[in-house]
2 protein chains.
Amino acid sequence: MKKTAHLFKALSEEIRLRILALLQDGELCVCDLMAVLELPQSTVSRHLTYLRHAGLVEGERRGVWMYYRLLDSGDPLARDLLRLLAGHLPLFEIIRQDRQALADYLADKKHNRCNEGANR
Amino acid sequence: MKKTAHLFKALSEEIRLRILALLQDGELCVCDLMAVLELPQSTVSRHLTYLRHAGLVEGERRGVWMYYRLLDSGDPLARDLLRLLAGHLPLFEIIRQDRQALADYLADKKHNRCNEGANR
DNA sequence: TCTTTGTATCCGCATATGCGGATAAGGTCA
DNA sequence: TGACCTTATCCGCATATGCGGATACAAAGA
């Protein structure tokens, strides 16, 4: 029960909802999120840790990078919530803007310092 | 978007989840909830106000009493969340205990000081 | 009007959480 | 190993939220 309350608390911050929305398009590493959300690294990392503890995302280290993705194998409530958010979040203007910013960022190879496909 | 975050914050406290579960069986007044949850009046009232501001419940005054019920006509996300909770909350032991306590309380007419059917 | 009952709000205090710079830790490559 | 990059955690501070007794407000009846 406390776990459930904690799950909702994880969803009760706008930044975390924006992160979840960005991850709906696929996994991202911390520096991708830093670039798109224009937030300091410690802030992004902290929120990702929060989401991970709530069972909403999982992280995988690949080389120097930590890739985060939505965790569909969580408990049933978490899974239902992620499904619900997938339907509702895209209706918000700021979410659409974030997705556009992500698309622009990914399209510009100069920025891809932390994507395995670039400069290395 | 901030409204959405606020909605989740309203669901991020165990007591508020318990209140919502009790209201799934029908409307209740503040003193009913005080009795079942064994919490002081100011605490119950404060949480109900929180839930009302989040658009999850509505209150109606009938005489001296304020009856609260789930608000199904809220925004789509709130409605979906209430539906989700209706399926998940009954799985928790404490919710079942609360519902039993409510049933006991309602069955005992001596306690019905704040129900219109009793002593008046 | 006065009293009683039920509810909402106020108050001071305690705790939880967020922030972002600073620092530590993990990983890669030369 | 040492330099460098990415990420996690620490730190002090600010704000948000919860608590529950005390008080104010609202409604009904004498």
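All chains are named by letter (A, B, ...) in the order of the sequence lines, taking the proteins before the strands, and each is independently numbered beginning at 1. What you see is a predicted model; the values in this text were computed from it and never measured.
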Tell me which nucleotide among D:dA8, C:dG20, D:dG21 gets nearest to the side chain of A:P40.
C:dG20

Does any non-hydrogen side-chain atom of A:L85 lie less than 4.5 Å from one of A:L11?
yes

Please determine whether any donor N or O and acceptor N or O are separated by less than 3.5 Å between the side chain of B:R46 and the base of D:dG18.
no

From CG of B:L48 over to P of D:dG18, roughly how many Å is that when rounded to an integer?
13 Å

Could you state the atom-to-atom distance from CD of B:E38 to C1' of D:dC19 in whole Å?
17 Å

Side chains of B:I95 and B:L17, heavy atoms from C-beta outward: is any pair under 4.5 Å?
no

B:R18 and B:D98 ion-paired at < 4.0 Å:
yes

With sequence neighbours left out, what residues match B:R69 under side-chain hydrogen bond (donor to acceptor under 3.5 Å, both in side chains)?
B:E27, B:E58, B:E60

OP1, OP2 of C:dG6 versus side-chain N and O of B:Y68: anything below 4.0 Å?
no

Going by ring-ring contact (aromatic ring centres under 6.0 Å, His included), name the pairs with one or both residues in residues 5-51 of chain B, residues two or more places apart or in two chains.
B:H6-B:Y50

What is the distance, to the nearest angstrom, from the OH atom on A:Y50 to the C1' atom on C:dC19?
14 Å

Once side-chain hydrogen bond (donor to acceptor under 3.5 Å, both in side chains) is applied, do any residues pair with B:Q24, and if so which ones, sequence neighbours excluded?
B:R99

Does the side chain of A:T49 get closer than 4.0 angstrom to OP1 or OP2 of D:dA8 through an N or O atom?
no

Check the distance between D:dG21's C1' and B:M34's CE and give it to me in whole angstrom.
13 Å

Taking C:dC19, D:dG18, C:dG21 as options, the one with an atom nearest any side-chain atom of A:H47 is C:dC19

For A:Q97, which residues count as a side-chain contact (heavy atoms from CB on, under 4.5 Å) partner, sequence neighbours excluded?
A:E93, A:I94

Any side-chain heavy-atom pair from A:L48 and A:S45 closer than 4.5 angstrom?
no

DNA chain C-proximal residues of residues 9-21 of chain A, any heavy atom under 4.0 Å:
A:K9, A:E13, A:I15, A:R16

Rounded distance in Å - CD (A:E60) to P (C:dG26)
18 Å

Expected string for nucleotides 22-30 of chain D under the B/S/- scheme (protein heavy atoms, under 4.0 Å, primed atoms plus P, OP1, OP2 as sugar-phosphate) is B----SS--

What is the distance, rounded to the nearest whole Å, between atom CG of A:L33 and atom C1' of D:dT6?
13 Å

Whole-Å distance separating the CG atom of B:L39 from the C1' atom of D:dG20
10 Å

Does OP1 or OP2 of D:dC19 have a side-chain N or O of B:T43 closer than 4.0 Å?
no

Point-to-point distance, once rounded to the nearest 0.5 Å, from CG of A:L20 to CG of A:L51
5.0 Å

Separation of C:dG27 atom C1' from A:M66 atom CE, nearest Å, is 12 Å

